[in-house]
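Read through the structure below, which is laid out as structure tokens, and then see the notes.
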Amino acid sequence: MSKEVRQRVLDVCQENGYQPNSAGRNLRRRLNETIGVLFYPSCGAAFRNIYYAEILGELSKTLENARYNLVLPGLDGTSLSEQPPRFICQGGIDGVILLGEFPRKVVRNIHGYGLPIVLIDNSRPKVPVDSVTTDGLGATKQIVDHLVELGHKNIIFMAYEQNGHNANQRQAGFEDGLKKHNLDPLTCPIIRNFNETRGAYAALAAALKNEQRPTAVIAVNDTLASEMQVRLKEDGFNIPKDISLFGFDDDSPSQVAVPPISTVRVDRKEIAEIGARLILERIEKNDLPVRNMVLPVELILRESVTFPPAS
């Protein structure tokens, strides 16, 4: 149609509040305007995790603004190693976002179906898919720098036993920080032999009985940091007078703790917005070069960290 006719049609649409018809538009574009999100080991677990629930909420807002629906199927992710979920096989979605840590085999299997994929808060360099993560390695190095500047020499890093990109990156930053400041790994151990609070505190309590006991603890996330703080206080430790405590992610547990816990602020809104942009661009043009983005983070200093106790 001519430009004049097109403009008259658009004017009438605006006057009468007409909205684009997705079904009609998708016949032309061959799109469903629907993006699937998966979380491992189960999609329901995403809502029990403060950090990922916030990212999921921001993803939903961003994609809705782009006129895309977000689908989170209620499935057990342990079966994904053998076959992808039905909504992928049946072609009802335009792309998939894998939120959080996923085994490489699962990523490869889903990638094999040819759908656009974006990893959020995870990275699999050996699988050619887009990803957005945060600079956990650099952040933990900054934490070590700060603690050493205060005079700490005996520092512990704590993370759960299960393997994960974030935990591994944060541990690597801790190890780099030790090397930078010539700190002894024997007096600055890495504790990753636990999967729950009881085991975590048992390992920390054992370290506190050593002759060269830790004067500072770096926990892999704020939930672990706040749990260790509660247990330490129950055992009579004063924080930060007796031992300093650092968390990660700037979740609510670090903000409401007494005293508030020093942490690393991760911008969940930015992570979600960039992840959404990556998947939408990949849907529009699937032959783009693979993009692996690492976002900066910010240290948040609170009352849980101070100078080490006098010898």
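Keep in mind that this is a model prediction, so the values were computed, not measured. Only this structure's heavy atoms are used, side chains among them; waters, hydrogens and symmetry mates stay out.
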- Task: Begin from the C-alpha positions of Glu101 and Asn168 and carry the test side chain to side chain contact (heavy atoms under 4.5 Å, CB included) through to its verdict.
- Result: CA-CA 11 Å; Glu101 186 68 26; Asn168 292 343; over 6 Å; no
_Does atom CZ (Arg198) have a neighbourhood of more than 12 heavy atoms from anything else shown, all under 6.0 Å?_
no
Residue pairs passing the side chain to side chain donor-acceptor pair (under 3.5 Å) test with at least one member in residues 176-186, sequence neighbours excluded, are Asp145-Lys180, Asp145-His181
Could you state whether Ile283 and Leu72 fall into the same hydrophobic cluster, counting links through intermediate Ile, Leu, Val, Met, Phe, Trp or Tyr residues with side-chain heavy atoms under 4.5 angstrom apart? yes
Next item on the list: Would you please say whether a donor-acceptor pair under 3.5 Å links the side chains of His165 and Ser123?
Entry: no
Can you check whether Thr223 reaches Asp249 side chain to side chain, under 4.5 Å on heavy atoms? no
Heavy-atom closest pair (Phe248 atom, Thr140 atom, distance to 0.1 Å) is CE1-OG1, 3.7 Å
Practice prompt. Measure the shortest side-chain to side-chain distance between Ile110 and Leu38 over non-hydrogen atoms and say whether it is less than 4.5 angstrom.
Written response: yes
CD (Glu273) and CD1 (Ile271) are apart, to the nearest 0.5 Å, by 11.0 Å
Side-chain touch Ser244/Leu150, heavy atoms, less than 4.5 angstrom: no
Report task. Could you state whether Leu301 and Ile239 fall into the same hydrophobic cluster, counting links through intermediate Ile, Leu, Val, Met, Phe, Trp or Tyr residues with side-chain heavy atoms under 4.5 angstrom apart? Result -> yes
Of all heavy-atom pairs linking Leu119 and Asn122, the shortest is CB-O, 3.5 Å
Interatomic distance, NE2@His152 vs CD1@Ile218, rounded to 0.5 Å, equals 10.0 Å
### Message
I want to check something: taking the side chain as every heavy atom from C-beta on, are Pro309 and Arg213 in contact at a cut-off of under 4.5 Å?
### Response
yes
Separation between CG (Leu99) and CG (Leu59), nearest 0.5 Å, reads 6.5 Å
Rounding to 0.5 Å, atoms OG1 (Thr306) and CG (Leu147) come to a distance of 10.5 Å
Of all heavy-atom pairs linking Pro214 and Ile156, the shortest is CG-CD1, 3.5 Å
task: Verify salt bridge (Lys or Arg N to Asp or Glu O under 4.0 Å) between Asp135 and Lys141, making sure each step is shown before the conclusion.
output: CA-CA 10 Å; Asp135 187 14; Lys141 288 169 66 175; over 6 Å; no
Query - Lys/Arg N to Asp/Glu carboxylate O, Asp251 vs Arg268, below 4.0 Å - result: yes
Check: Do the side chains of Ile274 and Val118 join up, straight or via other hydrophobic residues, at under 4.5 Å, putting them in one cluster?
Finding: yes
I'd like to know if the side chain of Asp121 pairs up with that of Asn166 as donor and acceptor (distance under 3.5 Å, no hydrogens or angles considered). yes
Looking only at heavy atoms, the pair that brings Phe246 and Ile300 closest together is CE2-O, 4.5 Å
Leu278 and Leu288: same hydrophobic cluster, using ILVMFWY side-chain contacts below 4.5 Å?
no
Notebook entry, point to check: Can Thr133 and Gln169 be said to form a side chain to side chain contact (heavy atoms under 4.5 Å, CB included), step by step?
Noted result: CA-CA 10 Å; Thr133 58; Gln169 286 294 299; over 6 Å; no
Any side-chain heavy atom of Ile279 sitting closer than 4.5 Å to one from Tyr68? no
- Query: Is the shortest side-chain N to carboxylate O distance from Asp250 to Arg302 below 4.0 Å?
  - Reply: yes
- Query: Would a 4.5 Å heavy-atom cut-off, applied to side chains only, mark Glu175 and Ile190 as touching?
  - Reply: yes
dist Ser226:OG -> Gln255:CD (nearest 0.5 Å) comes out at 11.5 Å
What one should report as the nearest heavy-atom pair of Leu70 and Val37 is CD1-CG2, 3.1 Å
Apply side chain to side chain contact (heavy atoms under 4.5 Å, CB included) to the pair Leu280 and Ile35, showing each step before the final yes or no.
-> CA-CA 9 Å; Leu280 292 173; Ile35 294 172; 4.0 Å; yes
### Query
Between Phe194 and Leu224, is any pair of side-chain heavy atoms under 4.5 Å apart?
yes
Exercise. Between Arg170 (side chain) and Val220 (backbone), is there a donor-acceptor pair under 3.5 Å?
Worked result: yes
With a 3.5 Å distance limit and no angle check, can you tell me whether Asp94 reaches the backbone of Asn32 through a side-chain donor-acceptor pair? yes
Could you walk me through whether Ile143 and Leu299 pass the side chain to side chain contact (heavy atoms under 4.5 Å, CB included) test, one step at a time?
CA-CA 8 Å; Ile143 294 174; Leu299 257 61; 4.2 Å; yes
> Is a donor on one side and an acceptor on the other found under 3.5 Å between the side chain of Arg192 and the backbone of Gln162?
Replying inline: yes
Of Glu211, Gln212, Lys153, the one forming a side chain to side chain contact (heavy atoms under 4.5 Å, CB included) with Thr187 is Gln212
Using only atom types and a distance under 3.5 Å, with no angle test, would you say the side chain of Gln229 pairs donor to acceptor with the backbone of Pro259? yes
The reported gap from CG in Leu183 to SG in Cys188 (rounded to nearest 0.5 angstrom) is 4.5 Å
- Task: Check the hydrophobic clustering (I, L, V, M, F, W, Y; side-chain heavy atoms under 4.5 Å; chains of links allowed) and say if Tyr160 and Val230 are grouped together.
- Result: no
*Is the shortest heavy-atom distance from the side chain of Ile97 to the side chain of Leu63 under 4.5 Å?*
yes
CD/Glu149: more than 12 non-hydrogen atoms of other groups inside 6.0 Å:
no
Check your understanding: Under 3.5 Å, side chain of Ser254 to main-chain N/O of Asp222, donor-acceptor pair present?
Key -> no
Correct closest heavy-atom pair for Met228 and Met158 would be SD-CE, 4.1 Å
Can Glu64 and Lys61 be counted as an ion pair, charged N to O under 4.0 angstrom?
no
Residue pairs meeting salt bridge (Lys or Arg N to Asp or Glu O under 4.0 Å), one or both in residues 285-296, sequence neighbours left out, come to Asp130-Arg291, Glu281-Arg291
